[in-house]
Chemist: 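Have a look at this one before I ask anything.
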Amino acid sequence: MLYLYPTPNATLLSTPTTFSPSSSPPRSTRFRMLHDSLPPLPENRIVLGVGGAGVDFLAAVASYPNPDDKIRTTSLMVQGGGNAGNALTCAARLGLSPRLISKVANDTQGRGILEELQADGVDTSSVVVSEEGDSPFTYIIVDNETKTRTCIHTPGYPPMIPSDLSQTSLSSALDGARMLYLDGRIHETALLVAQEAARKNVPILVEGERIREGLDDLLKLADYAICSAKFPQAWTEAASIPSALVSILVRLPKIKFVIVTLGEDGCLMLERSVDEAPQSEEMDVDILLELLKRRKDDNIAIPTCVSSPVTKLRANGVGTVCGRLFVGTAEKVPPSELQDTTGAGDSFIGAVLYAICSNMPPEKMLPFAAQVAATCCRAVGARTGLPHCTDARLASFLS
């Protein structure tokens with residue numbers, strides 16, 4: 001059995017812990033908040049998210065334990081979590097007006113989940129509160145040595161079902177929405193919301209973290225998809241990630257672009273083109289990726305992006321698609337500043353939601369999202385380091 005003991009000087013934060021501009025970790029002079037230089041906000045800032053919101057118990061340890069070890073934490077933190085909750089918190093801090101459809105219990109944790117989201121500007125009026133049961137939570141072991149995290153999730157009970165969401169609540173949640181984001185959880189309810197959003201022509205972004213029940217039905221309605229590193233090949237059985245991206249666009253004709261996040265290796269994005277490539281000759285997508293990688297400047301620390309022209313891309317055994325391939329780099333965060341990767345993917349998605357609402361071109365969107373994710377990784381927990389739109393690190397993207 002594994003035991004985790006807080007050290008006498010471990011940092012312990014009670015639940016829930018809300019991080020506002022005034023309580024964010026101190027930054028160097030170079031990265032001070034620029035309160036007197038607010039960037040213009042998107043005209044339509046309402047985004048609706050459907051998915052998980054819970055509590056994270058984050059135990060940082062010197063190194064990941066072996067079986068049957070007894071070790072002490074170097075810090076212990078309790079704060080809100082869940083993919084949708086984290087991504088919408090990020091979107092709110094960047095200046096959007098997020099709404100959340102999820103379910104919690106009327107317990108101490110559930111009330112804390114809602115209070116923390118509300119404090120960050122997330123509208124929780126469509127969250128279902130069960131009078132009985134338990135709210136979802138996750139134990140997270142943060143390895144200080146490898147800067148990785150291990151998540152052990154306990155779902156809430158009772159789970160959300162479509163009948164929990166009234167037609168009035170559904171209509172109200174979608175009213176005026178610029179985007180719908182689905183994290184792949186509570187799939188039956190998510191499908192109900194997605195079908196109504198499609199009927200109202202509200203663009204839909206679906207997260208492909210891993211293969212889940214009901215995810216295929218959500219992807220069929222998606223306009224955009226963002227995937228974890230392992231998802232594209234797991235879902236398509238393609239031989240490579242670039243081939244898998246081609247396969248996704250072939251299999252899902254409504255998708256405008258698909259992004260796969262690759263951690264410290266950045267990201268790849270394949271954008272569909274409605275116009276035919278000017279040259280008729282096809283190009284192998286794996287070869288194109290290698291050519292784009294040669295154009296990257298590895299001496300640049302900040303996130304960058306290189307892209308191909310519109311090309312007819314071929315994946316062997318899959319088919320062809322006309323589009324552009326983008327290679328985005330991650331920020332080279334100094335080891336002394338890298339704290340925790342919890343929530344990095346969620347913050348990337350929150351930034352992409354903002355970018356779509358702001359009509360950012362992909363060449364700007366990918367470095368912007370990578371910068372937001374890198375900023376998140378400079379603090380322990382999924383929300384502690386989430387930047388506000390006034391953060392100096394984002395100034396060049398939001399000016």
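Values below: all heavy atoms of this structure, side chains included; hydrogens, waters and symmetry mates excluded. Quick caveat, the model's predicted, so the values are computed rather than measured.
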Chemist: Regarding E331 and R393, does a basic nitrogen lie under 4.0 Å from an acidic carboxylate oxygen?
Modeler: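 No, no charged N to carboxylate O under 4.0 Å.
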
Chemist: Are side-chain N/O atoms of D164 and T189 paired as donor and acceptor at under 3.5 Å?
Modeler: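 On atom types as modelled, these side chains do not qualify, holding no pair under 3.5 Å.
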
Chemist: Counting C-beta onward and ignoring hydrogens, is there a side-chain heavy-atom pair between F257 and R324 closer than 4.5 Å?
Modeler: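 No, side chains not in contact.
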
Chemist: Can you confirm whether more than 12 heavy atoms, excluding those of K220, are under 6.0 Å from its NZ atom?
Modeler: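 Counting other residues, nucleotides and ligands, NZ of K220 stays at 12 neighbours or fewer.
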
Chemist: Who passes side-chain contact (heavy atoms from CB on, under 4.5 Å) against E213, sequence neighbours left out?
Modeler: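 So E213 forms a side-chain contact (heavy atoms from CB on, under 4.5 Å) with H187.
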
Chemist: Any donor-acceptor pair under 3.5 Å linking the side-chain atoms of T304 with those of T329?
Modeler: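 T304 and T329 do have a side-chain donor-acceptor pair below 3.5 Å.
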
Chemist: Please identify each residue that fulfils side-chain contact (heavy atoms from CB on, under 4.5 Å) with D284, with sequence neighbours left out.
Modeler: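 Expected list: D286, I287, R314, N316.
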
Chemist: Counting only N and O atoms by type, is there a donor-acceptor contact under 3.5 Å from the side chain of S247 to the main-chain atoms of S243?
Modeler: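 No.
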
Chemist: Check whether any side-chain heavy atom of L58 sits under 4.5 Å from a side-chain heavy atom of D340, and report yes or no.
Modeler: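 Yes, side chains in contact.
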
Chemist: Can you name the residues that form a salt bridge (charged side-chain N to carboxylate O under 4.0 Å, His left out) with D143, not counting sequence neighbours?
Modeler: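 Applying salt bridge (charged side-chain N to carboxylate O under 4.0 Å, His left out) to D143 gives none.
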
Chemist: Check V285, T236, L325 against V246 for a side chain to side chain contact (heavy atoms under 4.5 Å, CB included) and give me the one that passes.
Modeler: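 Passing option: V285.
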
Chemist: Charged N to carboxylate O below 4.0 Å: is that the case for E209 and R185?
Modeler: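 Here E209 pairs with R185 in a salt bridge, since their nearest N and O are under 4.0 Å apart.
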
Chemist: Taking side-chain contact (heavy atoms from CB on, under 4.5 Å) as the definition, give me every residue that meets it alongside P158, ordered by chain and number, with sequence neighbours left out.
Modeler: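 If we apply the side-chain contact (heavy atoms from CB on, under 4.5 Å) test to P158, skipping adjacent residues, the hits are K103, S130.
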
Chemist: What residues, two or more places apart in sequence or in another chain, satisfy ring-ring contact (aromatic ring centres under 6.0 Å, His included) together with F348?
Modeler: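 Expected list: none.
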
Chemist: Heavy-atom count check: over 12 atoms from other residues, nucleotides or ligands less than 6.0 Å from E264 CD?
Modeler: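 Counting neighbours around CD of E264, 12 or fewer heavy atoms of other residues, nucleotides or ligands fall under 6.0 Å, so no.
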
Chemist: Test: salt bridge (Lys or Arg N to Asp or Glu O under 4.0 Å). Region: residues 231-253. Which pairs qualify, not counting sequence neighbours?
Modeler: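 Qualifying pairs: none.
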
Chemist: Contact between L394 and Y354 at the side-chain level, heavy atoms closer than 4.5 Å - yes or no?
Modeler: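 Contact flag for L394/Y354 side chains = no.
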
